[in-house]
Protein chains: 4
Amino acid sequence: MTVASRGRIDKRQAILAAAFTVFARRGYAEACVKEIAEEAGVAKPTVYNHLSDKENLFRHAIEAAADEVMAANLEVVERLREPGEDLRATLEDVAHRLVEVCCDERSRSLRRLTYGQVARFPELIDLVQARTADKVAEALADRLARLSLAGRLRSGDPSVASEQLLALLTGPLETRSRLGTREVPAAEMRAVSDAAVDTFLSAYAA
Amino acid sequence: MTVASRGRIDKRQAILAAAFTVFARRGYAEACVKEIAEEAGVAKPTVYNHLSDKENLFRHAIEAAADEVMAANLEVVERLREPGEDLRATLEDVAHRLVEVCCDERSRSLRRLTYGQVARFPELIDLVQARTADKVAEALADRLARLSLAGRLRSGDPSVASEQLLALLTGPLETRSRLGTREVPAAEMRAVSDAAVDTFLSAYAA
Amino acid sequence: MTVASRGRIDKRQAILAAAFTVFARRGYAEACVKEIAEEAGVAKPTVYNHLSDKENLFRHAIEAAADEVMAANLEVVERLREPGEDLRATLEDVAHRLVEVCCDERSRSLRRLTYGQVARFPELIDLVQARTADKVAEALADRLARLSLAGRLRSGDPSVASEQLLALLTGPLETRSRLGTREVPAAEMRAVSDAAVDTFLSAYAA
Amino acid sequence: MTVASRGRIDKRQAILAAAFTVFARRGYAEACVKEIAEEAGVAKPTVYNHLSDKENLFRHAIEAAADEVMAANLEVVERLREPGEDLRATLEDVAHRLVEVCCDERSRSLRRLTYGQVARFPELIDLVQARTADKVAEALADRLARLSLAGRLRSGDPSVASEQLLALLTGPLETRSRLGTREVPAAEMRAVSDAAVDTFLSAYAA
DNA sequence: AATGAATGAGCGTTCATTCAT
DNA sequence: CATGAATGAACGCTCATTCAT
């Protein structure tokens with residue numbers, strides 16, 4: 001890759017990052033391209049050179065953020081590949097880490113923006129859900145299925161189990177963080193993830 | 001109350017209803033006051049006479065919708081006052097009805113608008129959450145507490161139980177309805193509510 | 001007609017007049033709506049309230065000007081209804097008056113704008129030609145036909161005669177005024193119209 | 001001339017030709033330099049290297065086109081040097097050929113562009129008129145003068161005769177082609193040129 | 001000399017809001 | 001009180017022009 005094209009790609013990513021920041025700060029309609037350009041340190045037409053218009057800019061910024069969130073979530077779920085001796089402890093650890101990812105600024109902004117712009121960008125919902133909620137639910141279902149096979153969880157539909165464990169984590173957090181508006185104290189995060197694992201194991205432990 | 005002032009109140013409510021409809025259709029920034037005025041059948045300055053500006057209009061429209069959603073939810077939870085013989089059946093009925101309310105157009109629009117406008121109207125989150133999620137969680141906790149006392153549920157923190165039951169209902173629905181974008185088939189709604197009750201009773205049955 | 005609606009119509013006409021002035025001064029693309037608004041003494045959005053966009057503004061301004069030019073031309077041709085004793089003198093008078101109309105600022109701007117915007121407004125050509133060139137050619141043909149019947153002109157196709165008389169007037173003027181750019185001295189105008197009538201009568205006198 | 005500078009000149013001419021094409025297609029203001037560069041197969045800054053800015057580009061493109069149109073017209077008029085036996089036939093032939101040149105795409109675009117941009121490029125009018133209308137009028141006047149001397153046309157001011165013959169040709173064509181917008185059928189072109197010669201000879205035959 | 005990338009300036013259009021009736 | 005009309009402020013987008021390579 002040449003130095004020039006490398007610079008071009010860097011600039012494109014800088015613009016996408018700036019766009020996500022500004023969209024997150026203001027919302028789609030309230031964000032103005034000028035502010036995005038300033039945040040990225042380029043002139044307004046440069047934004048248009050790289051990403052043809054505001055809608056495109058939004059779509060790509062969301063898509064890039066969704067990829068990052070997906071990666072962070074999958075990395076956490078992978079930890080269940082080595083469940084160790086103490087299954088409850090491992091689940092609590094994973095649950096807690098999922099909660100942390102789910103509560104971080106980027107995840108919350110992504111959900112908020114996607115959700116708030118369903119009317120204008122209906123197709124983004126599928127894209128974002130596929131890369132975040134769906135993907136992590138599937139990965140988790142895979143792990144739970146293996147745990148069932150290994151006799152450490154009751155047998156049954158691992159998709160439902162996965163869905164419910166995630167619901168027990170994210171549901172209370174949405175409420176307690178006021179839809180991602182307020183920081184959730186560490187202790188509360190721990191309480192929620194532990195309670196979720198507790199209820200989950202009541203229902204699904206072998 | 002005089003006939004005249006009665007008419008004034010009617011017009012105000014017509015405007016608020018129209019505002020909610022249009023905001024739900026377009027989103028806050030994309031909705032224009034002209035369209036709201038047309039939907040309400042009045043002239044634009046009339047809107048300004050009744051509700052000083054667009055922000056105010058939004059706040060009051062959201063508030064009114066939140067009141068309606070709250071009432072619908074509480075009515076459902078009240079059914080747990082008479083749990084009857086078959087607790088599982090009663091919970092399944094209540095759970096299913098909550099799912100229905102939660103999936104209806106108005107609830108979804110309310111969540112979407114509030115969520116999408118956190119940046120501009122941060123205070124609305126508290127107002128809406130207090131009247132919807134919090135209120136129903138409390139009412140449900142009240143009912144669960146009574147059921148514990150009556151020996152029909154294990155004793156423990158009824159708030160956590162309430163929170164988890166609601167999470168088991170709304171979490172999966174958010175995913176399956178693609179954040180309220182897609183209709184959820186009746187069968188799926190039933191499956192979700194039954195699975196929620198099942199897991200809930202695994203953890204909380206006496 | 002109410003005073004209010006009268007005022008509205010006045011304002012619309014003021015905007016159209018200002019638009020024609022500015023378009024004539026700058027050309028279509030170079031004219032900016034802001035300048036038109038200033039020329040009309042209103043704010044920019046007022047222009048958009050009355051005439052939905054720039055293209056519409058242009059079309060209506062051109063149409064109005066075409067109407068005025070048409071009326072002026074027809075009034076001149078009408079003079080041939082009373083040819084009087086001295087046909088040559090009457091024709092010279094009419095010819096000279098047509099030349100005057102054809103050379104005035106408004107006619108020239110109208111032709112220039114229409115001509116210059118064929119690519120963008122192809123339908124305007126027909127509209128303008130119908131109301132100016134065609135209409136005056138027909139009216140003139142009518143008069144010439146009567147003169148033939150009255151035995152004062154040779155018989156023949158009056159349309160061709162009309163077309164040629166007008167060509168003998170406008171052709172030399174286009175050249176001498178540098179496509180309407182330069183004032184044509186009164187003496188030259190007279191020379192052109194007299195020469196045209198002379199040639200015309202050589203070919204068409206009874 | 002070196003091969004290199006020869007290539008440079010070729011590129012310059014390619015740019016001028018592309019510019020005329022694009023200006024003719026879109027009009028001056030609507031044409032963008034990017035499109036001209038693409039039409040010429042070069043990059044945008046190359047256009048600026050060869051012709052300093054858009055105005056210059058326009059001027060030179062127009063000038064080049066005017067030269068070509070002039071040459072085509074003069075070639076036709078030269079045919080009157082050998083009038084042959086049948087003067088009417090020769091005049092009809094020349095008239096018809098002039099009509100053809102006058103109706104071709106390039107001539108029409110040239111007139112349209114020049115005419116439409118009088119406001120911005122007032123000096124172009126003189127340049128173009130001098131090379132087209134004036135030049136052909138003069139050349140034609142020269143031929144007519146010789147024909148007068150030879151006793152084949154009445155004596156008199158050959159400039160006026162030339163001007164009127166050209167007016168009788170171009171005037172009706174402007175109308176019938178809707179200012180160059182519509183194709184004029186071959187039969188109509190013939191009718192116009194024959195009628196022009198007929199009237200011309202009525203007035204000017206010896 | 002030629003180009004990909006960047007930019008400053010400007011324009012059409014919209015919209016929340018306010019007058020005047 | 002209700003309304004038709006008017007406006008100031010923004011914003012998305014384009015384009016001629018210039019750097020840097």
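We use all heavy atoms of the structure for the numbers below, so side chains are in, but hydrogens, waters and symmetry mates are not. Lettering follows sequence order; numbering is per chain, from 1.
- Across every non-hydrogen atom of D:L110 and D:F20, the tightest pair is N-CZ, 3.9 Å.
- Distances from the side chain of C:V42 to the nucleotides E:dG12, F:dT7, F:dA2 place F:dT7 closest.
- Counting only heavy atoms from C-beta on, D:C32 has its side chain closest to F:dC15 among F:dC15, E:dA2, E:dC11.
- Listed nucleotides E:dA6, E:dA9, E:dG4 differ in distance to A:P45; the shortest reach to its side chain belongs to E:dA9.
- Panel note: side chain B:K11, backbone B:V42; no donor-acceptor pair is recorded below 3.5 Å.
- Note on A:R25 versus A:E35: salt bridge recorded, some NZ/NE/NH1/NH2 to OD/OE distance being below 4.0 Å.
- In this structure, C:A29 reaches neither bases nor backbone, as no heavy-atom distance under 4.0 Å exists between it and the strands shown.
- Atom pair A:I15:CD1 and E:dA5:C1' shows a separation of 11 Å (rounding to whole Å applied).
- Remark: E:dT14 base-pairs with F:dA9; criterion is Watson-Crick or G-U wobble with both hydrogen-bond distances under 3.5 Å.
- Following rounding to the nearest Å, A:L51 (CG) and E:dA5 (P) show an atom-to-atom distance of 13 Å.
- Legend: residues meeting side-chain contact (heavy atoms from CB on, under 4.5 Å) with A:A31, ordered by chain and number and at least two apart, are A:V22, A:F23, A:R26.
- Between the side chain of C:R108 and the backbone N or O of C:G180, at least one donor-acceptor pair lies under 3.5 Å.
- Note on C:K34: every side-chain N or O is 4.0 Å or more away from OP1 and OP2 of E:dT13.
- Across the interface with DNA chain F, nearest-nucleotide mapping of C:T46 and A:E30 shows C:T46 to be the residue nearer the 5′ end.
- Counting any heavy atom pair closer than 4.0 Å across all strands shown, A:A37 reaches no nucleic acid atom.
- Residue A:H50 has a polar side-chain atom (N or O) positioned under 4.0 Å from OP1 or OP2 of E:dA6.
- Here the P atom of nucleotide F:dA2 and the CG atom of B:D10 are 12 Å apart, to the nearest Å.
- In this structure, CG of A:D53 is placed 13 Å from C1' of F:dT14, rounded to the nearest angstrom.
- If B:Y28 and D:G41 are placed on DNA chain E by their nearest nucleotide, the residue sitting closer to the 5' end is D:G41.
- Per the geometry, CD belonging to D:E55 stands 17 Å off P belonging to F:dC15, to the nearest Å.
- The pairing partner recorded for F:dA20 is E:dT3, the criterion being a Watson-Crick or G-U wobble arrangement whose two distances lie under 3.5 angstrom.
- Distances from the side chain of D:N49 to the nucleotides E:dT3, F:dT3, F:dA2 place E:dT3 closest.
- Looking at the side chain of C:Y48, the nearest of the listed nucleotides E:dT14, E:dT3, E:dT18 is E:dT14.
- Between the CZ atom of A:R12 and the C1' atom of E:dG4 there is a distance of 16 Å, given to the nearest Å.
- In this entry the distance linking CZ of B:F23 with C1' of E:dC15 reads 13 Å, nearest Å.
- Remark: C1' of E:dT13 and CZ of C:F58 are 19 Å apart, rounded to the nearest angstrom.
- Remark: the B:K44 side chain and the E:dT17 base include a donor-acceptor N/O pair separated by less than 3.5 Å.
- Among F:dT18, E:dG12, F:dT17, the nucleotide with an atom closest to any side-chain atom of D:K54 is F:dT17.
- With values rounded to the nearest 0.5 angstrom, A:I15 atom CD1 is found 12.0 Å from A:E39 atom CD.
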